[in-house]
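A note on names: the letters A, B, ... follow the listed sequences, proteins ahead of strands, and every chain is numbered from 1.
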There are 2 protein chains.
Amino acid sequence: MSLLTQSIVQNHLLERLPVSEQNELLQHCEKVKLTFGEELCLPDQPYQYLYFPLDGFVSLVTKVAGHTPLEIGLIGNEGMLGVTLVLDIDTVPIQAVVQGNGMAWRIEAKALQQVLKNCPQLRRCLQQYLFVLLQQLALNAGCAHFHLLEQRLARWLLMSQDRAHSEQLQLTHQFLAQMLGVRRSGVTVAASVMQRQQLISYTRGEIKILNRAALLTQSCQCYQLSLNSYNAALGDLKPTPAEEVAPAP
Amino acid sequence: MSLLTQSIVQNHLLERLPVSEQNELLQHCEKVKLTFGEELCLPDQPYQYLYFPLDGFVSLVTKVAGHTPLEIGLIGNEGMLGVTLVLDIDTVPIQAVVQGNGMAWRIEAKALQQVLKNCPQLRRCLQQYLFVLLQQLALNAGCAHFHLLEQRLARWLLMSQDRAHSEQLQLTHQFLAQMLGVRRSGVTVAASVMQRQQLISYTRGEIKILNRAALLTQSCQCYQLSLNSYNAALGDLKPTPAEEVAPAP
DNA sequence: CGCTGTCTGTGCGCTACGGCACCTAAAGTC
DNA sequence: GACTTTAGGTGCCGTAGCGCACAGACAGCG
């Protein structure tokens, strides 16, 4: 029996591994709590730990001088923070910040490099996930450039909900603004529209998703496209079955 | 003597290889002409050919429904189109379009996969380049989101000049607009400002760079940052020596 | 209890850029 | 030489989002 069954929420990448590799890997892992705002990976530094999120999740952000950080990727239990280690390069390419409190498996970079030698399936899996990440970076770049704040906010809430495994999110408008690369008050306006439409509700840093289906139609297609690209590369694990594409008008 | 010496402009990735690997690789390559607008890689299709540009160059673009394609990466003789093949995945993650006429080495995907088995240095090199590409995707996403059209245009001209190895570029405003994700007439305005300042001159699809130093100060720092990240990962080959950072005001 | 810090609501003027339309000029075509 | 096509120039209005500023509201703390 796998050590994984200790946790209710599992990491999808680990789930895909044969039990032998799971155990080999988890031997070197410890369960840690990710806390909001923590900077897990500093760019251009060597990796120290890598993370397989469970119900915590992490943003990849790019910092442009003179601007708030912009989110370009989101990593939850469908993925892993630090995949680029499969390239046998131990430098962090992109900064990562914890975005949702929760648990994750953590492993030392050096340990993972060792484990990779004996675990071909793990290597394969990380290669595939890196591929997906590339596609998502491209997708997000386009989304951030063209789509309206309200659509992007909707998408972002959906993606966070998927990764938090809860309809309750701890997020201030300030933080959302930073992730989306816009003003705080811009988010307030967009969010209050959504609140009036009963899509969400919030008070002081607690956002609750009330009507997920409606949020889906408000969000840009990038939400669905992002899921599709993941599923195409890493097979369907159907996290939220039968949520069909709702093309925007 | 390496086959490479047939060409004046060389591909920097290939230059880094030991001669034995160079020859092993070039055995399977043919020199082809890249022509403007050609779509070399279609996303979600299997790779057919991969390219090591010489004086031709290629854009990675992301297509968002209802918008013109947005450029998120630029590949010239400092890099390679199709690096993701080192992940042992033969699907194209990001669409590529030829952006500057010129020559490139072309190799069949299957041939490269074979060659990779005997060429550890090549594999290493592609891994490093993929790492750089990741960083550049992140950088470009931020740049496209925050920076002004004129700065981005300046940067873009500089990067194209580096890759074309010529101060003469064949580009219409229309095309520039698409790459930068803006209106055509927006580019016309930005370009005519630059022309008035004697930074560039152009007539009907022929842009000439007159004052590179001044363009550097007009462009966002992303130009320099992009060079830095390449040099950090793939060592200095000093394409344009002694061009120091000119921090914007 | 009041103080203080954090979160949210709202407004105002500004700007970069979008959409659109139209016009000129050079280049290609017959 | 006349016609069409394509590249570039210009203008007008609309608008998303910015910078900034200020006010209310709730939370925690002494």
Side-chain angles (χ1 to χ4, degrees), chain A residues 36-37 64-71 142-157 168-197 199-208 218-220 248, chain B residues 36-37 64-71 142-157 168-197 199-208 218-220 248:
Chain A
F36 180 84
V64 176
H67 297 272
T68 72
L70 173 69
E71 189 196 76
C143 182
H145 188 75
F146 290 117
H147 290 150
L148 299 187
L149 175 51
E150 208 173 321
Q151 303 180 296
R152 293 207 293 138
L153 178 58
R155 174 189 171 202
W156 202 89
L157 291 172
Q168 198 84 24
L169 304 169
Q170 274 113 57
L171 298 165
T172 64
H173 292 185
Q174 179 61 55
F175 182 77
L176 284 166
Q178 289 196 5
M179 288 299 105
L180 298 169
V182 298
R183 276 180 323 162
R184 194 269 312 159
S185 52
V187 171
T188 299
V189 171
S192 53
V193 170
M194 288 183 183
Q195 193 168 45
R196 240 169 279 139
Q197 297 173 325
L199 306 187
I200 60 174
S201 72
Y202 55 90
T203 45
R204 292 185 75 75
E206 289 276 331
I207 295 186
K208 188 170 186 181
Q218 290 260 326
S219 83
C220 46
Chain B
F36 179 84
V64 176
H67 296 272
T68 71
L70 173 68
E71 188 196 76
C143 181
H145 188 74
F146 290 117
H147 289 151
L148 299 186
L149 175 53
E150 207 173 321
Q151 303 179 296
R152 292 207 293 138
L153 178 58
R155 175 187 171 205
W156 202 91
L157 291 172
Q168 198 84 24
L169 305 169
Q170 273 112 57
L171 298 165
T172 65
H173 293 186
Q174 180 60 56
F175 183 76
L176 284 166
Q178 289 198 3
M179 289 300 105
L180 297 169
V182 297
R183 276 181 320 163
R184 195 268 313 162
S185 52
V187 171
T188 299
V189 171
S192 52
V193 169
M194 288 183 183
Q195 192 168 47
R196 239 169 280 138
Q197 297 172 325
L199 306 186
I200 59 174
S201 72
Y202 55 89
T203 45
R204 293 187 75 75
E206 288 277 330
I207 295 188
K208 188 171 186 178
Q218 290 260 324
S219 84
C220 46

Original post:
Between B:Gln195 (CD) and D:dA7 (C1'), how many Å, whole number?
Top reply: 13 Å
Subject >> Most 5' of A:His145 and A:Glu206 on DNA chain C, judged by nearest nucleotide >> reply: A:Glu206
Subject >> Donor-acceptor pair (no angle test) under 3.5 Å: B:Arg184 side chain, D:dG9 base >> reply: yes
Original post:
If you look at every heavy atom in A:Arg155 and A:Cys220, which pair is closest and at what distance?
Top reply: CD-SG, 4.0 Å
Original post:
Which parts of residues 176-183 of chain B get close to DNA chain C, meaning a heavy atom less than 4.0 angstrom away?
Top reply: B:Gly181, B:Val182, B:Arg183
Pairs under 3.5 angstrom, nitrogen or oxygen only, protein versus nucleotides 26-30 of chain D, please.
residue: D:dC26; atom: O2; partner: A:Arg204; partner atom: NH1; Å: 3.4
residue: D:dC26; atom: O2; partner: A:Arg204; partner atom: NH2; Å: 3.4

Original post:
Which whole-number value in Å describes the distance from B:Phe175 CZ to D:dG8 P?
Top reply: 13 Å
Subject >> chain B contact limits on DNA chain C, taken 5' to 3' with a cut-off of 4.0 angstrom to heavy atoms >> reply: C:dA16 to C:dA27
**OP:** Please work out whether the ring planes of A:His147 and B:His67 are parallel, tilted or perpendicular, with thresholds of 30° and 60°.
**Re:** perpendicular
Original post:
What's the NE2-C1' distance between B:His173 and D:dG9, to the nearest Å?
Top reply: 10 Å
**OP:** Assign the ring pair A:Phe175 / A:Trp156 to parallel, tilted or perpendicular, where the plane angle (0 to 90°) is split at 30° and 60°.
**Re:** perpendicular
Subject >> Contact nearer the 5' end of DNA chain C, comparing B:Leu148 with A:Ser192 >> reply: A:Ser192
